[in-house]
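Notes to accompany the following structure.
Any value given below was found using the heavy atoms of this structure, including those in side chains, with hydrogens, waters and symmetry copies removed.
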Amino acid sequence: DTSVPCADAAELMLAELGFDPERADDPDGTTIAFAHCPFAELAAANPELVCSLHRGLLIGFVATIGGGTVVAFNDRSHREPCLAQIATE
C-alpha cells in the first residue's frame, strides 16, 4: 500500500467540507485534487485570501493527524482544479 497514512482522513475532511476531492496514490505519496470548491465565487474575487485559508487548513490538519506532510499546494492561480501533494514522513 503506497497511501499516505493521513490521506484518508484529509480526503474525508475535504469531502465533508464540499470540495469533492479526487485522490491518486503513488510511491511518493498522495495527490488530492479539489474537484469542486464550495467557495469558488469568493476564491475568484480574492484568491490570495481564500486559497491561503484552504492551504493552511489542510497543512494544519495533516500535521495534527500525522504521518504525512503537505509538500505542494497548487491553488487556482496555478491550476484548476486546485490540488495538494502529501508525502509520507
Side-chain angles (χ1 to χ4, degrees):
D1 182 11
T2 60
S3 67
V4 178
C6 62
D8 291 336
E11 182 181 20
L12 180 61
M13 180 268 298
L14 291 169
E16 288 174 353
L17 293 175
F19 286 97
D20 193 18
E22 295 179 4
R23 173 181 170 164
D25 294 314
D26 64 45
D28 296 323
T30 298
T31 299
I32 299 177
F34 296 54
H36 168 77
C37 180
F39 306 99
E41 202 171 296
L42 292 172
N46 197 342
E48 288 182 18
L49 175 64
V50 176
C51 297
S52 292
L53 288 171
H54 294 160
R55 180 177 56 246
L57 173 75
L58 185 61
I59 289 170
F61 184 84
V62 168
T64 299
I65 296 296
T69 303
V70 176
V71 294
F73 187 93
N74 298 292
D75 63 28
R76 67 181 292 122
S77 67
H78 299 104
R79 67 177 319 282
E80 280 194 42
C82 303
L83 65 79
Q85 294 174 313
I86 304 171
T88 56
E89 289 184 328

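- Hydrophobic cluster of L83: no remaining members, since no ILVMFWY side chain lies below 4.5 Å from it.
- When the side chains of ILVMFWY residues are joined at heavy-atom separations under 4.5 Å, either directly or via intervening members, F61 and L12 end up in two distinct hydrophobic clusters.
- The CG atom of L14 sits 5.5 Å away from atom CG of L58, with the distance rounded to the nearest 0.5 Å.
- Here the OG1-CG distance, from T88 to D28, works out to 8.0 Å after rounding to the nearest 0.5 Å.
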**Message:** Apply side chain to side chain contact (heavy atoms under 4.5 Å, CB included) to residues I65 and M13 and explain how you reach the verdict.
**Reply:** CA-CA 11 Å; I65 296 296; M13 180 268 298; over 6 Å; no
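- With sequence neighbours excluded, the residues forming a side-chain contact (heavy atoms from CB on, under 4.5 Å) with A72 are N74, Q85, listed by chain and number.
- Of all heavy-atom pairs spanning I32 and A7, the tightest one is CD1-O, 4.2 Å.
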**Request:** Take I86 and V62 through the test side chain to side chain contact (heavy atoms under 4.5 Å, CB included) and record every step on the way to the result.
**Result:** CA-CA 8 Å; I86 304 171; V62 168; 4.0 Å; yes
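- Evaluation of the salt bridge (Lys or Arg N to Asp or Glu O under 4.0 Å) test over residues 45-68, restricted to residues two or more places apart or in two chains, returns none.
- The list of salt bridge (Lys or Arg N to Asp or Glu O under 4.0 Å) pairs with a residue in residues 10-22, not counting sequence neighbours, reads E11-R23.
- Both F19 and L42 are assigned to one and the same hydrophobic cluster, defined by single-linkage of ILVMFWY side chains at heavy-atom distances under 4.5 Å.
- Among all heavy-atom pairs drawn from A43 and R76, the shortest one is O-CD, 3.6 Å.
- For A44 against P47, the heavy-atom pair with the smallest separation is O-CD, 3.8 Å.
- The heavy-atom pair separating H54 from C37 by the smallest distance is CE1-SG, 3.9 Å.
- Listed by first and then second residue, the salt bridge (Lys or Arg N to Asp or Glu O under 4.0 Å) pairs that reach into residues 30-42 come to none, sequence neighbours excluded.
- Remark: F73 engages F34 in a ring pair (Phe, Tyr, Trp, His ring centres under 6.0 Å) (not counting sequence neighbours).
- No path of Ile, Leu, Val, Met, Phe, Trp and Tyr side chains, each step under 4.5 Å between heavy atoms, connects L53 with I59, placing them in separate hydrophobic clusters.
- Considering every non-hydrogen atom in both G67 and C6, the closest pair reads C-SG, 4.4 Å.
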